[in-house]
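Just so we're on the same page: letters track the sequence lines, and every chain starts at 1. Every heavy atom of this structure was used, including side-chain atoms; hydrogens, water molecules and symmetry mates were not. Keep in mind that what you see is a predicted model, and the values were worked out from it rather than measured.
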2 protein chains.
Amino acid sequence: MPKLQPLVRSLALRDELASGERALVEGMTMRRRVLRKGEELVAQNSQPSESCIVLSGFTAREVVLADGKRQITALHIAGDFVDLHAFLLKLMDHSVVALTDCEVAYVPHRELLRVIEQSPHLGRLFWLSTVIDGAIQRAWITSSGRRAATAHLGHLICELYLRLHAVDLARDGSFAFPVAQTELADALGFSLVHVNRTLQELRATGFVRWKGSTVAIVDFDGLAALSQFDPTYLNLVKLPR
Amino acid sequence: MPKLQPLVRSLALRDELASGERALVEGMTMRRRVLRKGEELVAQNSQPSESCIVLSGFTAREVVLADGKRQITALHIAGDFVDLHAFLLKLMDHSVVALTDCEVAYVPHRELLRVIEQSPHLGRLFWLSTVIDGAIQRAWITSSGRRAATAHLGHLICELYLRLHAVDLARDGSFAFPVAQTELADALGFSLVHVNRTLQELRATGFVRWKGSTVAIVDFDGLAALSQFDPTYLNLVKLPR
DNA sequence: CGGAGCCTTGAGTACCCTCAAAAACTGTGG
DNA sequence: CCACAGTTTTTGAGGGTACTCAAGGCTCCG
């Protein structure tokens, strides 16, 4: 299997890829790397000359404030670009860390530029991936601002399930999510204790079972209703873009 | 003054524009429209065939949940694209409304496509604008999740000031912001009452005066320190992109 | 079998919410 | 120029949500 298969699959979710385009993506020069949980993929304030794609595992964008408080602003799964925005932003305003052991690939920006020039359509699909990223961030803002704690957590679970399902990492309502409640707290903007109690509340609804590192959604529609979850923003539809 | 001047100025903030590029942008076919406060620029669930640029006034992205709660996920000022992401997303997952009377311009997507094909560099600058949008959203997530109420509000004020200053809509720490506390509440994820009290707290620090529709920052550095504000994410630097 | 990391529970407090109403401001018509 | 209605801001009171601090229990692995 070509190394960048997860990326190709992820792009192909949203639009038809011509075989030439597939080859173009798979032919990109890259640097592979394996990281252990806790290691940093991309450093805050760095000026990356390459962008990073997750091949396996979970990673997170994080910001650490002066008082030590941490906020996770995105979770990434296989096939996701973690810092494609750096291609244009130049300077990282956050860092990216491995939440689990994972494999990643770094693609030089000059390589991305070459691909985009050869295929403006692929360029638009790369653009699209940053834009979907933004749509997810809007959903997080909404959860954080206006959803009750259980709905906020439930919404995240729905989102993760659909995203993982789309790349065959979830089935029958279940997926592996080996991430501690501390990290969940920083993603939701909760305290650790509050995550724990919210999780208990969610379990009590019967919609979700969460034991160890396995999340099982027993009643997706129930959970979605509770969380006011509308999957539109994930753009899991194949359209000409 | 050409109609799309605010857009050109906004693009030119982040990179040098060749005169041909300037002409290309200013030559885009568009439809102008004047809106009164409260009117909708772009409807949720619509499939726009054009994207909208603010020429004057303030607009907001908003999501209304089933229980009637509202979250504003972005504020836009002159020169901002409000829904450029729809160029690729196709389906709006939120609406855009006028917070004040304003003028806007709608540019057809086929026109954007034409410009991007003629100038890949302009294409990257359009892309950049969606990516900066995303950076702002990350800052909002961080504020919402991990900043104290006064810091959250203070951070927003710092952000607005720098953005407005960059397009000559703010001077000497002051800017016009004719937006009610109700809207502010929906942007911050606070209740109306809490906005009012947080504002009083902020006034009490002496860093900010906010009377009627004029915001005056008395001590920007003080406010920035209180709010843990770091302007990096706004990308107000001219760089080759 | 011991230790590290993670999850869970308890208790007390601070923050922020809702409900409700008063005060101030804005614009309009008489 | 004033009266008045509508909107926006401000205040008060009481309650719930989420936080911090602190400690105990579980699980996995060496």
Nearest non-hydrogen partners of B:Gly206 and B:Val218, listed with the distance:
O-CB, 3.5 Å
Between the side chains of A:Lys37 and A:Asp101, is the shortest nitrogen-to-carboxylate-oxygen separation below 4.0 Å, so that they form an ion pair?
no
Just call it for B:Ala149: base, sugar-phosphate, or nothing, with non-hydrogen atoms closer than 4.0 Å on any strand.
sugar-phosphate
How bent is the helix from C:dC1-D:dG30 to C:dG30-D:dC1, comparing axes over its five end pairs at each side, to the nearest 10°?
30°
Whether A:Asp80 side chain and A:Val82 backbone form a donor-acceptor pair below 3.5 Å
no
Between B:Val179 and A:Val195, whichever has its closest DNA chain D nucleotide further toward 5' is B:Val179
Considering all heavy atoms, the nearest B:Asp83-B:Ser51 contact:
O-OG, 3.0 Å
Taking any atom closer than 4.0 angstrom to a non-hydrogen atom of chain A, what span of DNA chain C does the protein reach, first nucleotide to last?
C:dC6 to C:dA11
Return the orientation label for the A:Phe220 and A:Phe229 ring planes: parallel under 30°, perpendicular over 60°, tilted otherwise.
perpendicular
Counting only heavy atoms not in A:Arg31, do more than 12 sit closer than 6.0 Å to its CZ atom?
yes
With nearest nucleotide decided by heavy atoms, which residue, A:Leu192 or A:Arg146, maps closer to the 5′ end of DNA chain C?
A:Leu192
Does A:Arg32 reach the main-chain N or O of A:Glu103 with its side chain, forming a donor-acceptor pair under 3.5 Å?
no
When all nucleic acid strands are considered with a 4.0 Å heavy-atom cut-off, which category describes A:Lys211: base, sugar-phosphate, or nothing?
nothing
Near DNA chain D, under 4.0 Å by heavy atom, which residues of residues 64-75 of chain B?
none
Just by distance, do the side chain of B:Thr100 and the backbone of B:Phe58 share a donor-acceptor pair under 3.5 Å?
yes
Going 5' to 3' along DNA chain D, which are the first and last nucleotides with any atom under 4.0 Å from a heavy atom of chain A?
D:dA18 to D:dC21
Could you tell me whether the side chain of A:Ser10 and the main chain of A:Pro6 form a donor-acceptor pair under 3.5 Å?
no
Could you check whether B:Gln137 and A:Trp140, counting side-chain N and O atoms only, form a donor-acceptor pair closer than 3.5 Å?
no
Distance-only donor-acceptor hits, side chain of residues 166-190 of chain B, under 3.5 Å, sequence neighbours excluded:
residue, atom, partner, partner atom, Å
B:Gln181, OE1, B:Asn196, ND2, 3.0
B:Glu183, OE2, B:Arg70, NH2, 3.0
B:Asp186, OD1, A:Arg146, NH2, 2.7
B:Asp186, OD2, B:Arg70, NE, 2.6
B:Asp186, OD2, B:Arg70, NH2, 2.9

Of all the heavy-atom pairs spanning B:Ala135 and A:Asp93, show the shortest one and how long it is.
CB-OD2, 3.6 Å
Just by distance, do the side chain of B:Arg147 and the backbone of B:Gln228 share a donor-acceptor pair under 3.5 Å?
yes
Flag if over 12 foreign heavy atoms under 6.0 Å of CZ, A:Arg209:
no
For B:His85 and B:His94, run ring pair (Phe, Tyr, Trp, His ring centres under 6.0 Å): C-alpha distance rounded to whole Å, both residues' side-chain angles, the deciding distance at 0.1 Å, then the answer.
CA-CA 11 Å; B:His85 47 280; B:His94 61 267; 5.1 Å; yes
Give me the residues of residues 197-209 of chain A where at least one heavy atom lies under 4.0 Å from an atom of DNA chain C, by number, or none.
A:Arg197, A:Gln200, A:Arg203
